[in-house]
Protein chains: 2
Amino acid sequence: MLTLKHLRVIEALNDSGSLTRAATRLHLTQSALSHQLVALEAHYGVALFERSRPLRATPAGVRLLALAQEVLPKMEAATRDLTRLAEDNQPGRLRIAVECHTCYDWLMPGMDAYRAHWPEVEMDLVGGFHTDPLALLHEDKADLVIVSETARHKGVTFSPLFRYEMLALMATGHPLASKAYLTARDFAHDPLITYPAPDRLLDVVRRVLKPAGVNPERRLAELTIAIVQLVASRKGLAALPAWAVQPFLERGYVVARPIGKNGLWSGLYTAARDSDASRAFHRDFVDTLREQAFMTLPGIEPLGA
Amino acid sequence: MLTLKHLRVIEALNDSGSLTRAATRLHLTQSALSHQLVALEAHYGVALFERSRPLRATPAGVRLLALAQEVLPKMEAATRDLTRLAEDNQPGRLRIAVECHTCYDWLMPGMDAYRAHWPEVEMDLVGGFHTDPLALLHEDKADLVIVSETARHKGVTFSPLFRYEMLALMATGHPLASKAYLTARDFAHDPLITYPAPDRLLDVVRRVLKPAGVNPERRLAELTIAIVQLVASRKGLAALPAWAVQPFLERGYVVARPIGKNGLWSGLYTAARDSDASRAFHRDFVDTLREQAFMTLPGIEPLGA
DNA sequence: CAATTACATGAATTTTATTCATACATGCTT
DNA sequence: AAGCATGTATGAATAAAATTCATGTAATTG
């Protein structure tokens, strides 16, 4: 009666603290999870979670959580071994190209985690920034690129990683801090501090400022910490991923506000040649990246196909 | 895609060496198992068993077997803990009464295995033999009795353990050893050596000799080894469970033959008061007994409800 | 080389899981 | 306190998956 599916549900419930969030994470409806949980609890005659917010595991829930943490990794390791036994053991190679500056924050831990499972796969980072990263796939200069848009493209498979919110950053006590969220024209009067990247890759510019015809003075900085520093010293505004600025917000260095009423959300995807994307070591890399991101980055959300 | 069910199937296949036997052991049809195995192998693109007789695990099969042996005990331990958390922790008691002499052979190891899982359950053997063991349940002198027949009985739950073959034992070189199997009249001319138990409990007498009106001279012995000794010294014939005589046959001390064309098969069951039989520690005792028996006794078969 | 035994397979059936459409509960805002 | 917003529960409908049934096919044995 107790199945692996149940263990995954329990893990997701504990991580996310809510049926609804756990459901989206597992690509199921809230209803499905509710049925499952109720059925499991009824079968053993024991409550697994207190229906509080957030959900809290009972002793029985904790017991199953421990089981899940023991058993699920073993299952995954075994299926990996199985796919390895199945494939013609030609070793894999992953030359990875990255479009966005902040991506290194989570890419490095992801690559480390992956290396533990697939030591035989040779990983490389393709240096520099590129005008057309997808071309790298066709030119066989990269095997996997991380991009912020999915355009159907012959011979290329895209896989969603996650979506995240871009927040507007300003100095503490900045007049705009009194607003609940910023709009395009709020950016008109302060310099905008960005990475040295083409506008095409700067979501605020491309999706908010340019459509509104707002074109503030610009200032460049290479590193996230440098951008935050400049904002804190009242040199201008910036827009950065929520996860990247989280630590600075907690220490009160700067203030962040959503961009637009519903916030400005961006997605990240991997792209790979079809022939590579279907291979197990490739798929597992994407899965590992996604999992690692959800474990370490606060405030990110699942991203549908 | 890989589920616990698959792991159980793979374990059963490896133990039994055949889809058909594994299927009966799992209370499924051969067809169901074939579908499962084929689907699993197709999904990972790898063979798990060579279709030889007996079935032999491939490297991939061995890998999953290792997984099963790691994971399944953990699952069982967790469900036990769950039922313990569920029940009002009144400690259980198991006073066990046994009808058949040879039962101690497998009962003791079974009790040992059970003690490891349920240390808090107090186990006792109710000594001596009893004319009506079921009465012990009503008189509250025993909590579980092991019997060879199931009669519906108000307030008593029977659970099947296994079935086994009774073999006729004779000295090496005995004239009857030339027959493929023995019939009732073959017993007429030699003394019959039995345990000191009422005829009702001696399956050969009750189900073969008495119906045929055959009534040989009798001789008694307390211990299995003593019975075998007497048979070997040409003092008479005996009928004992196949599993009990297996070691003596292997060493050539005596010879065994089936009784009747299809053999003489007996079943064993547990009986307990309904109120007890539904409790987790009780059900788990019966499961442990059954499992232990199948692990240690050669030639026994599953027994339907 | 039958006869037997065991595995595979397609279609039908049963069982189980999931969704859909709501109802119900809880907390927050005005 | 009424009205939203958010989150969980539930019954019925639907979809998906597992199992059986009824065979066919392959391997094994006397």
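The shown structure was predicted, so the numbers you read here are calculated from the model rather than taken from an experiment. To find a chain, count down the sequence lines: A is the first, B the second, and so on, and within it residues start at 1.
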[X] [atom1] to [N] [atom2]: how many Å, rounded?
X: Met1(A); N: dA17(C); atom1: CE; atom2: C1'; result: 11 Å
X: Leu28(A); N: dT14(D); atom1: CG; atom2: C1'; result: 16 Å
X: His27(B); N: dT15(C); atom1: NE2; atom2: P; result: 17 Å
X: Leu40(B); N: dA18(D); atom1: CG; atom2: C1'; result: 14 Å
X: His43(A); N: dA17(C); atom1: NE2; atom2: C1'; result: 16 Å
X: Leu4(B); N: dT16(C); atom1: CG; atom2: P; result: 16 Å

Inset, instruction - Compare side-chain N and O positions of Gln36(A) against OP1 and OP2 of dT18(C) and report whether any pair is under 4.0 Å apart. - result: yes

Legend entry - Phosphate contact (dT16(C) OP1 or OP2) by Lys5(B) side-chain N/O below 4.0 Å: no

Legend entry - Counterpart residues, ring-ring contact (aromatic ring centres under 6.0 Å, His included), relative to Tyr164(B) (two or more places apart): Trp243(B)

Inset, instruction - Quick one, give me the B/S/- string for nucleotides 8-13 of chain D, reading 5' to 3', where B means a protein heavy atom under 4.0 Å from the base and S means that only happens at the primed atoms, P, OP1 or OP2. - result: BBBBB-

Inset, instruction - State, yes or no, whether a side-chain contact exists between Glu301(B) and Trp265(B) at a heavy-atom distance under 4.5 Å. - result: yes

Inset, instruction - Considering only NZ, NE, NH1 and NH2 on the basic side and carboxylate oxygens on the acidic side, decide whether Arg51(A) and Glu41(A) come within less than 4.0 Å. - result: yes

Inset, instruction - Answer yes when Asp276(B) and Arg279(B) have at least one side-chain N-carboxylate O distance shorter than 4.0 Å, and no when they do not. - result: no

Inset, instruction - Go through Leu182(A) and Met170(A) one step at a time and tell me if the side chain to side chain contact (heavy atoms under 4.5 Å, CB included) criterion holds. - result: CA-CA 11 Å; Leu182(A) 269 56; Met170(A) 62 205 75; 3.8 Å; yes

Inset, instruction - Please step through salt bridge (charged side-chain N to carboxylate O under 4.0 Å, His left out) for the pair Arg257(B) and Asp186(B), ending with a clear verdict. - result: CA-CA 12 Å; Arg257(B) 291 286 174 272; Asp186(B) 291 327; over 6 Å; no

Inset, instruction - Using a 4.0 Å heavy-atom cut-off across all strands, classify Leu33(B) as base, sugar-phosphate, or nothing. - result: nothing

